[in-house]
Amino acid sequence: MSAAKKFSSRLLPWALLAVVIVVAFVVGAHSAAKPSLAERTRSVADTIRCPQCTDKSMAASDAPTSVAGRAEIQRQLVAGRTPDEVRAWFAARYGQDILLTPPRRGVEGLIWMIPVIAFVVAAAVLSAAFLRWRRIGAETATDADVAVVAAALDELHTRDVSEGDGS
Amino acid sequence: MTRRSTTRWAVAGVAVVIVALIGLLAVSKTQTDSAASPLLGKTAPPLAGKTLDGGSFDLTSMRGRFVVVNFFASWCQPCQEEAPELRRWAQRHQAKGDAQLVNVLFQDTPAAAEQFFARYGGATWPVLAVGTDTIGLDWGVAKVPETFVVNPQGVVVAKTITTVTESSLDDLLERGGATS
């Protein structure tokens, strides 16, 4: 098999996998129905803490403030505000603590970078390990290695013969 | 560079990054004071509507004097404790004409609010009691009582979530720039 054929046969499964992933993303993105106002409201309310509760989102709480908060979210979405603008509106009144998702800026924003950094470091370490293993596998025996092995085999053979004669 | 020293450098690097992240998060500004509000230093949110006595109130018409905005509910025990104090404070400053009290009902009914004030001798100041859920959100109110001080320029200058007294309200005003 020529080098080009070998290369293409190795690359083909990866190329097919990439095509499948891209097609799945495109189909998934286009076939998903546009979320309703109620779904968009709930999606935003999921990211805002209930001001009266300790560990519930506005979407999960029936506290009067959460009920009023959901109505306010819906009102603002109808008025054309984006989810980020709605969240900013609440943060401007209750503080950043009202948001259940960490901000993307400032020191707290570093938390978003940790998975990316971990992925890059892991990929680098794995790549280095694979390269090292491949290099070890590709190493060929030198003449000196061959001579050492041959001498050892000879010695073994001689010992077997002499032990066989002695029995 | 040997493999062992590379590993050592990598471990040291990861340790430095982890320590730096922990340090940054430890010294970053956290909101520990529950009376802190993003509204402090900013123009007060809208505060207008029908009052319990059938009149109307608009905060913008109060420019030129200090306004104490007190969110309350009839079912709230601390609100019941501070009601007589607020009444004394309001009457004293109404006579002087330098500051105004406004009560805003929070998660309660106008009928319950009327009974509440009847118990404490009635309210001679504006009490907003209808459609106040949106006002509560606008002011970032989570629980009652919460009390804000708005200065004569219409800027929120102080906030407290503790039960107020006649003298603590004066202190709050002084903190907000009022001269006694």
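Quick caveat: nothing in here was measured; it's all calculated off a predicted structure. FYI, side chains are in, hydrogens and waters are out, and symmetry mates aren't considered; it's all heavy atoms of this structure. Within every chain, numbering begins at 1; the chains are lettered A, B, ... in the order of the sequence lines, protein sequences first and strands thereafter.
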If you tally heavy-atom pairs under 4.5 Å between each of A68(A), A71(A), P64(A), P51(A) and chain B, the highest tally belongs to P64(A)
For the residue pair P38(B) and A91(A), what are the closest heavy atoms and their distance?
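Looking at all heavy atoms of both residues, the closest pair is CG-O, 3.6 Å.
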Shared hydrophobic cluster, [X] / [Y] (ILVMFWY, side-chain heavy atoms < 4.5 Å):
{"X": "L77(A)", "Y": "L99(A)", "value": "yes"}
{"X": "V78(A)", "Y": "V44(A)", "value": "yes"}
{"X": "L40(B)", "Y": "I135(B)", "value": "yes"}
{"X": "V150(B)", "Y": "V164(B)", "value": "no"}

The test is side chain to side chain contact (heavy atoms under 4.5 Å, CB included); show your working for D138(B) and W89(A) and say whether it passes. CA-CA 9 Å; D138(B) 240 352; W89(A) 187 90; 3.1 Å; yes
Worksheet item: Can you tell me if CG on D154(A) sees more than 12 non-hydrogen neighbours from other groups inside 6.0 Å?
Response: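 More than 12 heavy atoms, drawn from other residues, nucleotides or ligands, come within 6.0 Å of this atom.
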| request: Evaluate the side chain to side chain contact (heavy atoms under 4.5 Å, CB included) criterion for residues R93(A) and L137(B): first the C-alpha distance (whole Å), next the side-chain angles of each, then the deciding distance (0.1 Å), finally the verdict. | output: CA-CA 8 Å; R93(A) 282 149 183 83; L137(B) 285 174; over 6 Å; no
Point to revise | Step-by-step side chain to side chain donor-acceptor pair (under 3.5 Å) determination, Q107(B) to T65(A) | key: CA-CA 8 Å; Q107(B) 296 171 9; T65(A) 316; 2.6 Å; yes
